[in-house]
Amino acid sequence: MDLTARHPRTGELLSTVKFMVQTLAAAGELQRDLQRELTYDGLRAAEAKGSKGGRRPAVPAAQTVGVRTAYLEGRSISALARDHDVSRGAIRTAVADLLPEHTAGDPGVPAPELPVVLDMPGKVADYLRTTELEPVERAALDQGVTVRRGQGYTLRVSAVPAVHRGLLARCQPLDGVQGAPAVPAQRKARREYENRVSTLMP
């Protein structure tokens with residue numbers, strides 16, 4: 001059957017063609033769903049038997065304790081790799097939590113802030129570009145990505161929450177100051193940015 005056949009007058013696909021395409025699509029979706037269900041069933045069955053998925057470690061579990069003990073006694077990673085005929089990466093994996101660079105999470109130490117992407121209204125960005133900023137704030141602003149929206153634009157800024165809050169504080173004058181009444185459009189833009197910044201964790 002020609003799946004591109006169209007009615008000579010309307011130019012639309014023939015009803016039989018539409019039916020065949022929809023049937024084939026439904027059959028393909030059914031096959032994909034069945035494969036997913038069978039895969040999940042197989043994984044659950046393997047897990048119930050104690051089998052773990054993924055690649056087997058190069059250092060067998062029976063040897064891991066010996067490797068860790070030897071490492072704590074001063075044996076180097078290179079020497080252990082030669083002893084067990086494996087790569088140094090395999091030894092590093094076996095003793096990962098014993099390595100000097102590994103630090104356990106301290107509940108008393110806050111986790112470092114990660115960059116967050118927020119859309120800054122163009123009127124706010126235009127004001128901040130004329131304002132004195134900290135180097136990290138200026139860098140975040142300069143690295144922002146311009147997204148055109150109608151006649152205006154927004155600046156997609158990636159920065160840690162502290163930088164976003166600092167930028168928000170610096171555009172406070174857009175709300176109006178003594179002797180310089182606020183411009184409604186600028187005040188609205190600042191409020192939009194403030195609403196987005198307020199969603200960040202303190």
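We use all heavy atoms of the structure for the numbers below, so side chains are in, but hydrogens, waters and symmetry mates are not. These numbers come from a predicted model, not from an experiment.
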How close do [X] and [Y] get, counting heavy atoms only, and between which atoms?
{"X": "Leu80", "Y": "Ala70", "value": "CD2-CB, 3.6 Å"}
{"X": "Ser78", "Y": "Arg88", "value": "OG-CD, 3.4 Å"}
{"X": "Val67", "Y": "Ala94", "value": "CG1-CB, 4.4 Å"}
{"X": "Ala140", "Y": "Ser158", "value": "CB-O, 4.2 Å"}
{"X": "Ala125", "Y": "Leu141", "value": "O-CD2, 4.4 Å"}
{"X": "Arg170", "Y": "Glu132", "value": "NH1-O, 3.4 Å"}

Under a 4.5 Å side-chain heavy-atom rule over Ile, Leu, Val, Met, Phe, Trp and Tyr, are [X] and [Y] clustered together?
{"X": "Val136", "Y": "Val157", "answer": "yes"}
{"X": "Tyr40", "Y": "Leu38", "answer": "no"}
{"X": "Leu72", "Y": "Ile91", "answer": "yes"}
{"X": "Val183", "Y": "Leu168", "answer": "no"}
{"X": "Val147", "Y": "Leu118", "answer": "no"}

### Task
Sequence neighbours left out, what pairs pass salt bridge (Lys or Arg N to Asp or Glu O under 4.0 Å) with at least one residue falling in residues 76-86?
Arg75-Asp83
Does the [X] side chain pair with the main chain of [Y], one donor and one acceptor, at a distance under 3.5 Å?
{"X": "Arg156", "Y": "Val117", "value": "no"}
{"X": "Arg190", "Y": "Cys171", "value": "yes"}
{"X": "Glu137", "Y": "Glu134", "value": "yes"}

Could you measure the distance from the [atom1] atom of [X] to the [atom2] atom of [Y]? Nearest 0.5 Å is fine.
{"X": "Asp41", "Y": "Arg36", "atom1": "CG", "atom2": "CZ", "result": "12.5 Å"}
{"X": "Phe19", "Y": "Leu24", "atom1": "CZ", "atom2": "CG", "result": "9.5 Å"}
{"X": "Tyr153", "Y": "Arg148", "atom1": "OH", "atom2": "CZ", "result": "7.5 Å"}
{"X": "Lys188", "Y": "Asp175", "atom1": "NZ", "atom2": "CG", "result": "14.0 Å"}
{"X": "Gln172", "Y": "Tyr127", "atom1": "CD", "atom2": "OH", "result": "9.5 Å"}
{"X": "Asp33", "Y": "Glu37", "atom1": "CG", "atom2": "CD", "result": "6.5 Å"}

NZ/NE/NH1/NH2 to OD/OE distance under 4.0 Å, [X] and [Y]:
{"X": "Arg129", "Y": "Asp142", "answer": "no"}
{"X": "Glu194", "Y": "Arg187", "answer": "no"}
{"X": "Asp126", "Y": "Lys123", "answer": "no"}

### Derivation of the side-chain contact (heavy atoms from CB on, under 4.5 Å) call for Tyr193 and Leu167
CA-CA 10 Å; Tyr193 184 49; Leu167 291 171; 3.8 Å; yes
### Message
I'd like to check Leu128 versus Arg138 (side-chain heavy atoms, cut-off strictly below 4.5 Å). Are they in contact?
### Response
no
### Query
salt bridge (charged side-chain N to carboxylate O under 4.0 Å, His left out) between Arg196 and Asp119: does it pass, once the steps are laid out?
CA-CA 8 Å; Arg196 292 166 187 165; Asp119 283 351; 5.5 Å; no
